[in-house]
Each structure stands twice: as structure tokens, then as C-alpha cells.
Chemist: 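The structure under discussion is supplied below as C-alpha cells; questions concerning it will follow.
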2 protein chains.
Amino acid sequence: MAVKERMDYIKKQLHSQSYKLTPQREATVEVLLENEEDHLSAEDVYLLVKDKAPEIGLATVYRTLELLNELEIVDKINFGDGVSRYDLRKEGANHSHHHLVCIQCGVVSEIEEDLLGEVEVKVEREWQFKIKDHRLTFHGVCSKCQHEKDSTNEETGRQTVDQL
Amino acid sequence: MAVKERMDYIKKQLHSQSYKLTPQREATVEVLLENEEDHLSAEDVYLLVKDKAPEIGLATVYRTLELLNELEIVDKINFGDGVSRYDLRKEGANHSHHHLVCIQCGVVSEIEEDLLGEVEVKVEREWQFKIKDHRLTFHGVCSKCQHEKDSTNEETGRQTVDQL
DNA sequence: TACTAAACGATAATCATTATCGTTTTCATG
DNA sequence: CATGAAAACGATAATGATTATCGTTTAGTA
Ligand SMILES: [Mn+2]
Ligand SMILES: [Mn+2]
Ligand SMILES: [Zn+2]
Ligand SMILES: [Zn+2]
């Protein structure tokens, strides 16, 4: 529901830094908003955005994702397979959210709650390090794989990632 | 001090899986032990290991690092610059340690203490996720950069990494 | 000593990402 | 409205890290 509002907000963020919201950029942001729970690679975004703007080039997608990353609208993350993935920040969030990666089926799920509050207080105090952001990923076995034996990603349609 | 002992232990781990500790593998492990606080790329390791075994090939270094990663002797980590880095696990540790990355000077430092104990209890309980390992990195400003203004990595000799 | 599988070194192939360059679009200004 | 400069774009070449291939060497066993 908030898709329209969030698009407007992102438009404002771009304009406030005197960037334009071109049709290509708007289509790219739309794809990210419509696939918020996924973790799309640049190539993934490119294929999805072609439906909305068929003439777009892959280089523009890379440039747009890079720009959105600089503006801290998306986080560029890496799960160890060879590609960068672009993860829209949650509404109002000012830092990256956490992830759970299943080492059996490859599914990636999200933890929106910030679990690091106390930990960061301790790190700032004891290591004299001023924290600006964090990356936290747990590797393990998802609830589905704990029950169903085997289960080597039986095409559930959910976004997955290779190995550990 | 424990370098020799740790080498012996790694040798045992290899043998227990019926892998051989070839001269090339031994030289590679030696480099990792002698640069434990750094976060070397495959290329970095290759250059360092050439002093001990000049005839070694880059492919062998990649193969060895891959093997050590499978045996959970090293963790393959990624700080967002385009290369994988190989990080020896701390003595006796059964999971990856945490990192602090300075977004000003690029220096990477380590937190050996496990700060995630309580967090993991909560995640396992509330998300029904069986945790096997974790990756935690803080991005921020190191104590040195907080004091010294500017400071864009004035060649301190310490291992650094590009940008956020 | 002879056989077989594991490892190796050199190097070609892959593939994600970045750089280049000519063209198009946007927008301020006259 | 026309014009010129800067920002964006699309196509595609270049780069660079990693992986695959293949012929050779080494280690362990019969
Ligand atoms: Mn996410
Ligand atoms: Mn480390
Ligand atoms: Zn699973
Ligand atoms: Zn610093």
C-alpha cells in the first residue's frame, strides 16, 4: 500500500541531492519495491525491469543500483555466491536488517527487528569504534528443512542462494 | 608460539579426511598462520607463499584455500570490495569471529569475543532457525580516525579494504 | 618396480562488474 | 521557443577475480 508513498519519498531523496528520477530509475525502484522480500542481483533486476522499460540497458541498472546504494536507499549485500545483491532498506530504517540463510535449501529470510542494540553499545564503549552500520547474517537450517528431511530446494519459488 | 602445534593440528584435520598435507598446502597454511590478523585475498596469499614455495601456481592456492574453507579451518569472507578474503579461525573457535571496518581509513580489526550468545538464543527460539554459524561486521569510524581528522590511510602498513 | 588416484602448474574460459564513447534527454537561459 | 551544457543512457569493449581444463608429477599401494 505504501508503495506510492515510498516512491515519492525516494523521489524526494534523489531530488534533494539534485539527481533526477528518470523513467529508468523509477522502473528500477518499482521493481525493488515490488520484490522487497527478495534479494535480487543486478541481472535479476535487469530482467524484471525490462517488462516496465524494455529499452533499458544493463549498465543503467548497475548505475542506478550504485546510486541507490550511495543514497542508502538500498544495501549492497553478498551471501558468498559470486554476485552482489541489492536489498531495499525497510521503511524508516537507517541501517541494514539481518538475514537467515539456510545452508540446506538456500532460502534467505529476514529479521526486521534490530537485535544488536546492546551489542553495539558494548562495542562502541570497549573498542572505541563509532558504529555507523552493521551486517549480520546467520547460517543454519531453516524450520522447514529441520522437519522435512532431504529437501534440496524443491522449487518453492522463493529466492535462494548457493551453499554456505 | 603455538604455530607449530596449530600446524600439527591442521595436519591432523587434513589426514582425518584423507587429504594430504603437501608442501604447497603446508606453505599456504604457514602464510595464513603468520598473517593471522590480516585478511588476505587469494592473490595476497599467492604472493606471500611464493617466498616459501616459488614454483607454486595460483590455481593451487585457490584450491588449497577452498579446501581449508570446506574443512572450516578458514572462513571465506567478503568486505564488499571485489575480492574474497580468507580468515583463519581463532584457536579452538568453531565459528567466524566479528570484524570492525573503518569507512574512513579502511582498516579491518577483529573482535575475538563472541558477542552473539544471547542474540542467537533468541533467534533460534523465535525464528525456529538452527544456527550453525554467523557473520557480523560493523562499519564505522575507528578510534584513530575519530581523533586524527582527515587520515585517508596514510600508509600504516596495516591491511585495509576499499570503502563501505 | 608398476599402477592408480590425488595434486599440481600453466593457461584458457567464464562471468560479474566497470569503463568507454557516441547519442539522447533534461533543463536553465536568452 | 531555440540553444548549449550537463546529466543520463544504451551498446559494447575491457577488466579482473575465479573456475575449468588438461597434460604432467607425486605419493601411496600392490
Ligand atoms: Mn534483506
Ligand atoms: Mn578476521
Ligand atoms: Zn532450508
Ligand atoms: Zn580508520
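Residue numbers begin at 1 in each chain, while the letters A, B, ... track the order of the sequences. From a predicted model like this one, the values you see are computed outputs, not experimental measurements.
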Chemist: Taking only residues two or more places apart in sequence or in another chain, which ones pass side chain to side chain contact (heavy atoms under 4.5 Å, CB included) with A:L48?
Modeler: A:V31, A:N35, A:L40
Chemist: Starting at CG of B:L67 and ending at P of C:dA7, how long is that distance when rounded to a whole Å?
Modeler: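 Going from B:L67 (CG) to C:dA7 (P), I get 8 Å.
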Chemist: Within the supplied structure, the quantity of interest is the number of heavy atoms (other residues, nucleotides, ligands) at a distance under 6.0 Å from A:K12 NZ; does it exceed 12?
Modeler: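 Not more than 12 within 6.0 Å, no.
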Chemist: Provide the full list of salt bridge (Lys or Arg N to Asp or Glu O under 4.0 Å) pairs with a residue in residues 45-61 of chain B, sequence neighbours left out, each pair given once.
Modeler: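 As it turns out, the salt bridge (Lys or Arg N to Asp or Glu O under 4.0 Å) pairs with a partner in residues 45-61 of chain B, which skip direct neighbours, are B:E30-B:K52, B:E34-B:K52.
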Chemist: Just distance, no hydrogens or angles: give the donor-acceptor pairs under 3.5 Å from side chains in residues 21-28 of chain A, sequence neighbours left out.
Modeler:
residue, atom, partner, partner atom, Å
A:T22, OG1, A:R25, N, 3.1
A:R25, NH1, A:K20, O, 2.7
A:T28, OG1, A:Q24, O, 2.8

Chemist: Can you list everything that forms a salt bridge (Lys or Arg N to Asp or Glu O under 4.0 Å) with B:D8? Sequence neighbours excluded, please.
Modeler: B:K4
Chemist: Reading DNA chain D from 5' to 3', where do the contacts with chain B start and stop? Cut-off is 4.0 Å to heavy atoms.
Modeler: D:dA17 to D:dT21
Chemist: Describe the nucleic acid contact of A:S84 in one word from base, sugar-phosphate, nothing, applying a heavy-atom distance below 4.0 Å.
Modeler: sugar-phosphate
Chemist: Where each residue is assigned the nucleotide of DNA chain C containing its nearest heavy atom, which of B:V61 and A:Y62 is assigned the position nearer the 5′ end?
Modeler: B:V61
Chemist: Test of understanding: with side chain to side chain donor-acceptor pair (under 3.5 Å), list the residues that count as partners of B:E43, not counting sequence neighbours.
Modeler: none
Chemist: Could you work out, with side chain to side chain donor-acceptor pair (under 3.5 Å) as the rule, every residue matching A:D44, not counting sequence neighbours?
Modeler: A:S41
Chemist: Which ring pair (Phe, Tyr, Trp, His ring centres under 6.0 Å) pairs, counting each pair once, include a residue from residues 26-68 of chain B, with sequence neighbours left out?
Modeler: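 Counting only pairs at least two positions apart or across chains, the ring pair (Phe, Tyr, Trp, His ring centres under 6.0 Å) contacts touching residues 26-68 of chain B are B:H39-B:F79, B:H39-B:H99.
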Chemist: Hey, can you pull the residues of residues 15-27 of chain A with a non-hydrogen atom under 4.0 angstrom from DNA chain D?
Modeler: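 The stretch gives A:Y19, A:K20, A:T22, A:Q24, A:R25 as the residues lying under 4.0 Å from the strand, ordered by number.
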Chemist: Report the distance from atom NZ of A:K76 to atom P of C:dA16, rounded to the nearest whole Å.
Modeler: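 From A:K76 NZ to C:dA16 P: 14 Å.
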Chemist: Restricting to side chain to side chain donor-acceptor pair (under 3.5 Å), what partner residues turn up for B:S96, sequence neighbours left out?
Modeler: none
Chemist: Does anything in residues 43-59 of chain B reach DNA chain C, meaning a heavy atom under 4.0 Å, and if so which residues?
Modeler: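 B:E55, B:I56, B:G57, B:A59 - these, ordered by number, are the residues of the stretch whose heavy atoms sit under 4.0 Å from the strand.
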Chemist: Report the hydrophobic cluster partners of B:L100, with the cluster defined as I, L, V, M, F, W, Y residues connected by side-chain heavy atoms closer than 4.5 angstrom, directly or transitively.
Modeler: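 Answer for B:L100: A:L100, A:I111, A:L115, A:L116, A:V119, A:V123, A:W127, A:F129, A:I131, A:L136, A:F138, B:I111, B:L115, B:L116, B:V119, B:V123, B:W127, B:F129, B:I131, B:L136, B:F138.
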